[in-house]
Amino acid sequence: MAELFKNIYNQTFFDVFTSFFEEVVPTFNTKEFLSEIFDDEWKNRELKQRMRHTTNTLHRQLSGSFEKDITDILRFIELWKDRETKVSPNDGLAFMFLPDYIEQYGLEHYHIAMDATEVITIFSSCEFSIRPFITKYPEKSMVQMLQWASHSNLHVRRLASEGSRPRLPWAMAIPQLKKDPMPILPILEALKNDPSEYVRRSVANNLNDIAKDNPEVVIKIARQWKGKTRETDWVVKHACRTLLKQGNQELMELFGFGKVHKITLSKFKINTPLVKIGKHLRFSFDLTNTDDSASKIRLEYGLYYQKANGSLSKKVFKISEKDYPGDSTSSITRKQSFKIITTRKFHVGKHQVSIIINGKEFDKLDFELVK
């Protein structure tokens, strides 16, 4: 079984961390710190709870002056990097309590916090901790983010995009940017051809966030950026993934997925009408292109999961994007796992699966999920 992420916070990690912090802050009390860290609730805390608990425990060991404390934290980071210390491959994630320190205790110290963020994000991403600053200081924070978009370090440039995502997963949303994403667009424009794929992926993810609340903004950008460079073509396609799954016909046409009146679906069959939790749904169908020339097809299926209240909730999965020859029939089989996962709760009973061609939903069949 894979090691739980929350266990990146362990005795070894804190032993090394405290040995360094003692050098930076002579008054640092390691015994007291470790006693507070590994309290009676430690084993029950999940990853982000352990992170916040570490943040607050560290704060109680420091002076209480944010300016002095953040200076000590920056000195610690320099010492750690100078000695090329490594506890585990997940050190960057483990040290997310340092950005969290800025979020928890630096919100009233804007300029000091921004200077520290620029340094710390290279060590451990500040994509979460920057968001309360954008909410509290929207105008000057977005000006700062735009300045970071031209920074020499790719991690700082990525922060400009990732930190301003309206719907960043596992983070607080930014309501004003969900409503009006215009302040983000100069940042994304500056980064769309960034030499780092890491940064460009963040640009695409930011646009995908925007598309969920302001699809017309992303459609306009897609038209403007597509065809300019190979890099922006990839960004645009990845940015439009939610809208494509929604079957947006304007984007289907933009990406070359044409009409489906000469595409037929036949022999659609559920091969496992009863699916046990932990097993697979299996289905098959034939797709025929009756045109005499090849057709570019985005082929997907919709899985209608039963919810706790008995209603069905649709999730779309992609099968392929490719050209299907003229006057041809392709036989397609597919399977969908119902293995138990932490991100979805399965409910027994009626489910459905449908075939989607270029955003158009075709036949839909029922199957039963059983224990």
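The figures that follow rest on heavy atoms only: side chains count, while hydrogens, waters and symmetry mates do not.
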Answer yes when [X] and [Y] have at least one side-chain N-carboxylate O distance shorter than 4.0 Å, and no when they do not.
X: Lys237; Y: Asp233; value: no
X: Glu162; Y: Arg165; value: yes
X: Glu197; Y: Arg201; value: yes
X: Glu78; Y: Arg83; value: no
X: Arg298; Y: Glu300; value: yes
X: Lys262; Y: Asp291; value: yes
X: Lys267; Y: Asp363; value: no
X: Lys81; Y: Glu84; value: no

Do [X] and [Y] make the cut of ring centroids closer than 6.0 angstrom?
X: Phe13; Y: Phe95; value: yes
X: Phe38; Y: Phe14; value: yes
X: Phe338; Y: His280; value: no

Do the side chains of [Y] and [X] get nearer than 4.5 Å, heavy atoms only?
X: Thr30; Y: Glu22; result: yes
X: Ser129; Y: Asp100; result: no
X: Leu62; Y: Tyr101; result: yes
X: Val260; Y: Phe362; result: yes
X: Ile332; Y: Phe283; result: no
X: Leu207; Y: Lys192; result: no
X: Arg223; Y: Leu254; result: yes
X: Gln147; Y: Gln144; result: yes

On the six-membered ring of [Y], is [X] placed so that its NZ or CZ lies under 6.0 angstrom from the centre and within 45° of the ring axis?
X: Arg157; Y: Trp148; value: no
X: Lys315; Y: Phe317; value: yes
X: Arg344; Y: Tyr305; value: yes

For [X] against [Y], the heavy-atom pair lying closest together:
X: Arg60; Y: Glu36; answer: NE-OE1, 2.8 Å
X: Ile187; Y: Ser164; answer: CD1-OG, 4.4 Å
X: Ala94; Y: Tyr9; answer: O-OH, 2.5 Å
X: Gln61; Y: Asn29; answer: OE1-N, 2.9 Å
X: Ile174; Y: Gly163; answer: CD1-O, 3.9 Å
X: Lys307; Y: Ser313; answer: CD-CB, 3.6 Å

[X] side chain to [Y] backbone, donor-acceptor under 3.5 Å:
X: Ser328; Y: Asn289; value: no
X: Thr55; Y: Met51; value: yes
X: Thr333; Y: Ser284; value: no
X: His155; Y: Phe123; value: no
X: Thr71; Y: Glu67; value: yes
X: Lys178; Y: Asn214; value: no
X: Thr288; Y: Thr290; value: no
X: Ser141; Y: Phe133; value: yes
X: Ser331; Y: Asp286; value: no

**Prompt:** In the hydrophobic clustering (ILVMFWY, side-chain contacts below 4.5 Å, transitive), which residues join Tyr304, or is it alone?
**Reply:**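 Tyr304 shares its hydrophobic cluster with Leu312.
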
**Request:** Working to the nearest 0.5 Å, report the span between CD1 of Ile8 and CG of Leu47.
**Result:**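 Between Ile8 CD1 and Leu47 CG, I get 5.5 Å after rounding to 0.5 Å.
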
**Request:** Hey, could you give me the CD/SG distance between Glu250 and Cys240, rounded to the nearest 0.5 Å?
**Result:**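 The SG atom of Cys240 is 10.0 Å from CD of Glu250, to the nearest 0.5 Å.
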
**Flag for Glu41-His53: side-chain donor and acceptor within less than 3.5 Å** =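 Short answer, no.
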
**Request:** Start with the C-alpha distance between Arg241 and Asn205, add both sets of side-chain angles, then the distance that settles side-chain hydrogen bond (donor to acceptor under 3.5 Å, both in side chains), and finish with yes or no.
**Result:** CA-CA 9 Å; Arg241 62 190 184 274; Asn205 288 337; 2.8 Å; yes

**Prompt:** More than 12 non-hydrogen atoms from neighbouring residues, nucleotides or ligands closer than 6.0 Å to NZ on Lys296, yes or no?
**Reply:**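 It does: Lys296 NZ has more than 12 such atoms within range.
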
**Message:** For a side-chain hydrogen bond (donor to acceptor under 3.5 Å, both in side chains) check, start with the C-alpha distance between Thr54 and Thr57, then their side-chain angles and the critical distance, and finish with the verdict.
**Reply:** CA-CA 5 Å; Thr54 303; Thr57 304; over 6 Å; no

